[in-house]
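Here the structure is laid out as structure tokens; the discussion comes afterwards.
In what follows, every chain begins at residue 1, and chains take the letters A, B, ... in the order their sequences are listed.
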Number of protein chains: 2
Amino acid sequence: MVAIEFEDRLRDRSKWSIGGACSMSKALDLLSTKTAFLVIRECFYGTSRFEDFVECTQASAPAVSRALRQLEATGIVIRVPYQEPGKRVQDEYRLTEAGKDLFPVLLSLVQWGDKHLQGGRGPLSFVDADSGRPLRVDLITEIADPPTRPENIEIRLNAQSRRRSS
Amino acid sequence: MVAIEFEDRLRDRSKWSIGGACSMSKALDLLSTKTAFLVIRECFYGTSRFEDFVECTQASAPAVSRALRQLEATGIVIRVPYQEPGKRVQDEYRLTEAGKDLFPVLLSLVQWGDKHLQGGRGPLSFVDADSGRPLRVDLITEIADPPTRPENIEIRLNAQSRRRSS
DNA sequence: CCGTATCCTGATAGATACTG
DNA sequence: CAGTATCTATCAGGATACGG
């Protein structure tokens, strides 16, 4: 919560804090669909093919199709053609830099859910690939070392949970 | 703590809810509506009264009403009766601890939007109230000092953006 | 098998009208 | 003023069916 003395400044929010104008609203417009979120999550988990998205997100194929087109249109995901030997050319879907930058959003959501919905620890742990140390998102005032990049993240399944997605 | 109503709600929604039961999916179920996000944002900005939510979020009154009920049912917001002298008792809405814990989610969204949608800096800065140092959300492996609490955050309006730009 | 178009259901947002 | 019920438009999600 914001300190009282700033409420004066904040009072006339109409100038800048309008529903459709702030960064958060805009971001939410792009990520408004739940499928889009889930697809991005799977991207971080290493999924790159259509079929796998469908399976991992447990969404329908049309929903995944829509989400991928949406995410591609907004520059969060790119379609990369690839070809397995003996097969025809297909597309795979990878996060752009902008997409990778969404990792803190995802992780903070996971953290919140783990704490307040799962009653503690969730099924997944995130670990810095170099140091092996637990990774999390938090409010900081200083740059603590170079911040970890999404490329450098290892995802570990906690022992007590059966499935990755449960 | 915030568990029972959640589960009921999630069970009801299980018919159409996708993505299984990971923390992120569950969190998204609770925050899926855009109005809910905006209401929470306004809570952090110091808004606590119905009318102000309606004005600040630019959502319709019914939407705000629904969002507040939803958020109250899920333990993110509580209704607190209060009385101004000479007026009748009303309710105001405040974030619970669970609600305050959503701050990193909000801030990471704002950060992402500022970087990738606003092309740089957005209209708001977040500053540690004690040290006055810029505050942000990032991936960390170690606890950098005691992490800043949402109570301790100052929000500053950046000088250059006066408009609801882009 | 990969991906999309189509159609239907269900959920959310706004406008309106109503209560205390 | 502080909310809520209702109605309707719109949009997301799934089932199905269809083309590459």
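Under a 4.0 Å N-O distance rule, the pair B/Asp91/B/Arg49 does not qualify as a salt bridge.
B/Glu72 pairs by the side chain to side chain donor-acceptor pair (under 3.5 Å) definition with B/Arg79, not counting sequence neighbours. For A/Arg69, there are no side chain to side chain donor-acceptor pair (under 3.5 Å) partners at least two apart in sequence or on another chain. Contacts of A/Glu154 classified as salt bridge (charged side-chain N to carboxylate O under 4.0 Å, His left out), with partners at least two apart in sequence or in another chain: A/Arg156. Contacts of A/Asp101 classified as side chain to side chain contact (heavy atoms under 4.5 Å, CB included), with partners at least two apart in sequence or in another chain: A/Arg149, B/Trp112, B/Lys115, B/His116. With sequence neighbours excluded, the residues that form a side chain to side chain donor-acceptor pair (under 3.5 Å) with A/Ser131 are A/Asp128, A/Arg133. Listed by chain and residue number, nothing satisfies the salt bridge (charged side-chain N to carboxylate O under 4.0 Å, His left out) test with A/Glu55 (two or more places apart in sequence, or in another chain). For A/Ser65, there are no side chain to side chain donor-acceptor pair (under 3.5 Å) partners two or more places apart in sequence or in a different chain.
The separation between B/Lys34 atom NZ and C/dA13 atom C1' is 11 Å, rounded to whole Å. The nearest whole Å value for the distance from the CD atom in A/Gln70 to the P atom in D/dC11 is 12 Å. Protein atom CG of A/Leu28 is 16 Å distant from nucleotide atom C1' of D/dA12, rounded to whole Å. B/Leu31 places its CG atom 12 Å from the P atom of C/dT12, with the value rounded to the nearest Å. The distance between atom CG of B/Asp29 and atom P of D/dG13, rounded to the nearest whole Å, is 11 Å. Rounded to whole Å, atom P of D/dA12 lies 12 Å from atom CG of A/Leu30. If you measure from atom CG of A/Leu38 to atom P of D/dA12, you get 15 Å, rounded to the nearest angstrom.
Stem list for DNA chain D (at least 3 consecutive Watson-Crick or G-U pairs, distances under 3.5 Å): C:3-20 with D:1-18.
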With the criterion being N/O to N/O and under 3.5 Å, what pairs connect the protein with nucleotides 3-7 of chain C, and how long is each?
residue, atom, partner, partner atom, Å
C/dG3, OP1, A/Tyr93, OH, 3.4
C/dG3, OP2, A/Phe50, N, 3.4
C/dT4, OP2, A/Ser65, OG, 2.5
C/dT4, O5', A/Ser65, OG, 3.4
C/dA5, OP2, A/Arg69, NH1, 3.2

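At the phosphate of D/dG13, OP1 or OP2 sits under 4.0 Å from a side-chain N or O atom of A/Thr35. A/Thr33 has no side-chain polar atom (N or O) that falls below the 4.0 Å cut-off from OP1 or OP2 of D/dA12.
When the side chains of ILVMFWY residues are joined at heavy-atom separations under 4.5 Å, either directly or via intervening members, A/Tyr45 and A/Val64 end up in a single hydrophobic cluster.
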